Amino acid sequence: MKLIDRPIWQALTVHHQQVDHLHLRQIFADDPLRGERLSSQGADLFLDYSKQRITDETLGLLMRLARECGLSEHIEGMFNGDKINATEQRAVLHVALRATPDERITVDGVDVIPQVQAVLNHMADFSDAIRSGARRGHTGQPIRNIINIGIGGSDLGPEMAYEALRHYSRRDMIFRFISNVDGTDFEEMTHDLNPEETLFIVCSKSFTTLETLTNAHAARAWSLRTLRDKRSVQRHFVAVSTNAEGVAEFGIDPANMFAFWDWVGGRYSMESAVGLSTMLAVGPARFRAMLAGFHAMDLHFRNTPFERNLPVLMGLLAVWNNNFLGAHTVAVLPYDYYLKRFPAYLQQLTMESNGKHVTLDGERVGTQTGPIYWGEPGTNGQHSFYQLIHQGTRLVPCDFIGFSQQLNPLGYQHDMLMANLFAQSEALAFGKTIAQAQAEGSSPALAAHRSFEGNRPSNTILAERLTPETLGQLVALYEHSVFTQGVIWGIDSFDQWGVELGKALAQRITPELESHDEPELTHDSSTNALIRRYRRTRTSQ
Ligand code: F6P
């Protein structure tokens with residue numbers, strides 16, 4: 001039966017009509033303990049979801065929805081290696097990447113844990129050799145610059161993790177990330193570096209991605225212009241991929257390839273060999289600590305009753321906000337500057353996973369699926385887009401993320417930072433009435449402008465400190481929340497067919513832009529005209 005026709009969905013619809021008029025002011029006034037009651041701890045993360053627009057009955061219905069959609073069975077299916085990525089007939093086992101060495105997880109009857117551990121050991125040996133200077137560049141110079149070339153999951157995770165863990169990274173080394181096929185990206189990331197000291201990690205699950213291979217070829221040419229010896233490629237290029245043949249064809253020795261597997265989705269791969277740049281930055285021990293953080297959240301997700309299960313709670317609340325309160329977006333607002341790339345990372349994780357309009361059976365879902373994720377670190381966002389969140393006409397649920405302990409003590413600035421986080425969620429929930437604005441001195445004409453409706457929902461996620469462990473927990477929290485939402489909607493959260501059409505069309509258009517003779521264009525009239533205009537005005541090569 002279609003999700004929207006199920007009795008539980010209809011019960012939620014009726015319930016929403018009954019509670020929609022309730023204001024968080026009233027809900028909190030009626031239950032003085034709500035702020036403590038509606039919170040939960042998972043590993044080192046604390047979630048306060050009391051400022052969501054829900055009642056106990058809402059929660060009960062959402063839990064019933066999860067049970068009726070078979071969430072427990074789906075969780076077990078994932079952890080057991082079932083081929084839950086049905087449209088690609090693949091298991092989905094990022095959880096195996098962070099399992100402990102003594103676990104046994106099989107895909108097609110083969111235990112994958114020994115392979116995972118072997119690659120981790122290979123990465124650790126390589127990282128130690130580069131970091132200690134034992135492995136040097138072609139001319140004997142130590143490697144000081146690491147450039148990861150990749151895109152999507154082969155870029156966003158590593159870059160986010162490097163920025164997030166920068167505090168723990170080698171400060172005498174430079175880490176950069178090239179993703180865009182726009183030559184500006186390559187130029188700006190390389191122009192001040194010495195090829196003799198530079199190692200490129202060509203990171204691509206498929207090793208066929210146009211942007212990555214184009215940049216990898218540009219990097220090889222850039223490197224060889226100085227090093228002038230093809231053998232130098234073996235000292236300055238390594239690959240991360242599932243495609244050994246493609247890697248060899250590019251000219252990278254398979255001994256310099258770090259493998260992963262088709263059961264790791266690109267956007268779920270930052271703790272696989274795709275995280276080689278992270279390991280080079282923070283060292284093998286801290287990388288393993290990050291894996292332990294992921295694993296702690298995996299165990300929490302698998303073993304904790306739904307009522308206290310952070311990813312389940314966050315996933316169900318996201319469904320409630322999206323499908324019943326009608327919110328189209330979610331703002332992710334980390335109050336930690338090290339997490340400045342976290343919203344960008346989450347965009348791929350959430351939107352490539354749940355941006356689907358058909359169910360696993362190929363039927364239209366019948367309701368909205370993945371919301372739009374976006375965000376910026378606080379407090380910067382407060383001085384740009386928060387105005388709309390506070391007083392605009394749209395409902396924008398927010399996830400606030402903060403840490404009790406600062407990594408860079410600077411006077412009382414951390415208290416100020418956290419005061420802003422707490423103030424924002426309080427202001428969003430409770431607002432300020434017109435009467436309050438007038439009592440504070442606003443003229444009747446201005447009081448409407450200076451009042452805040454409030455009743456705007458948010459989660460607050462707190463941990464004591466941003467560490468490799470807590471970063472792993474945070475990422476796993478969102479991964480499993482995305483999975484929970486996908487299970488409710490009955491979609492495949494692990495394929496990404498939606499990226500294919502644009503790729504195919506670009507391949508058709510590229511020769512039309514490059515050809516010397518006027519090509520015969522058979523696109524629509526808009527695309528034809530744009531191509532002609534570009535051809536008239538492009539820089540000749
Ligand atoms: O085009 C989308 C995508 O396939 C992502 O899912 C993936 O993370 C990215 O491209 C990069 O793919 P690859 O690692 O194979 O180069």
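Computed from a predicted model, the values in this text were never measured in an experiment. One-based numbering, in listed order, for ligands and for the atoms of each. Basis for what follows: all heavy atoms, side chains included, without hydrogens, waters or symmetry-related copies.
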Checklist entry - Looking only at protein heavy atoms, which one is nearest to atom 3 (C) of ligand 1, and how far off is it? => result E352 OE2, 4.2 Å

Checklist entry - Centroid-to-centroid, Y478 to Y345, below 6.0 Å? => result no

Item to check | 4.0 Å heavy-atom contact, K503 with ligand 1 | outcome: yes

Next on the checklist: Quick one: does any side-chain atom of T359 pair with a main-chain N or O of G490 as donor and acceptor, under 3.5 Å?
Outcome noted: no

Item to check | Contacting atoms of ligand 1, where contact means under 4.0 angstrom from a heavy atom of T209 | outcome: 12 (O), 13 (P), 15 (O), 16 (O)

Checklist entry - Identify the closest protein heavy atom to atom 11 (C) of ligand 1: which residue and atom is it, and at what distance? => result I151 O, 3.2 Å

Checklist entry - Hey, what's the ring geometry for H94 with F494, parallel, tilted or perpendicular (30° and 60° as the breaks)? => result tilted

Checklist outcome for this item: Residues passing the side chain to side chain donor-acceptor pair (under 3.5 Å) test with E76, sequence neighbours excluded, are R302

Checklist outcome for this item: A student comparing K205, E500, Q348 should find that the heavy atom closest to atom 7 (C) of ligand 1 comes from Q348

Item to check | Parallel, tilted or perpendicular: rings of F175 and Y162 (30°, 60°) | outcome: tilted

Checklist entry - Tell me, which protein residue and heavy-atom name are nearest atom 15 (O) of ligand 1, and how many Å apart are they? => result S206 OG, 2.6 Å

Checklist entry - Nearest to atom 8 (O) of ligand 1, what protein heavy atom do you find, and at what distance? => result G153 N, 2.8 Å

Next on the checklist: Once side chain to side chain donor-acceptor pair (under 3.5 Å) is applied, do any residues pair with R286, and if so which ones, sequence neighbours excluded?
Outcome noted: none

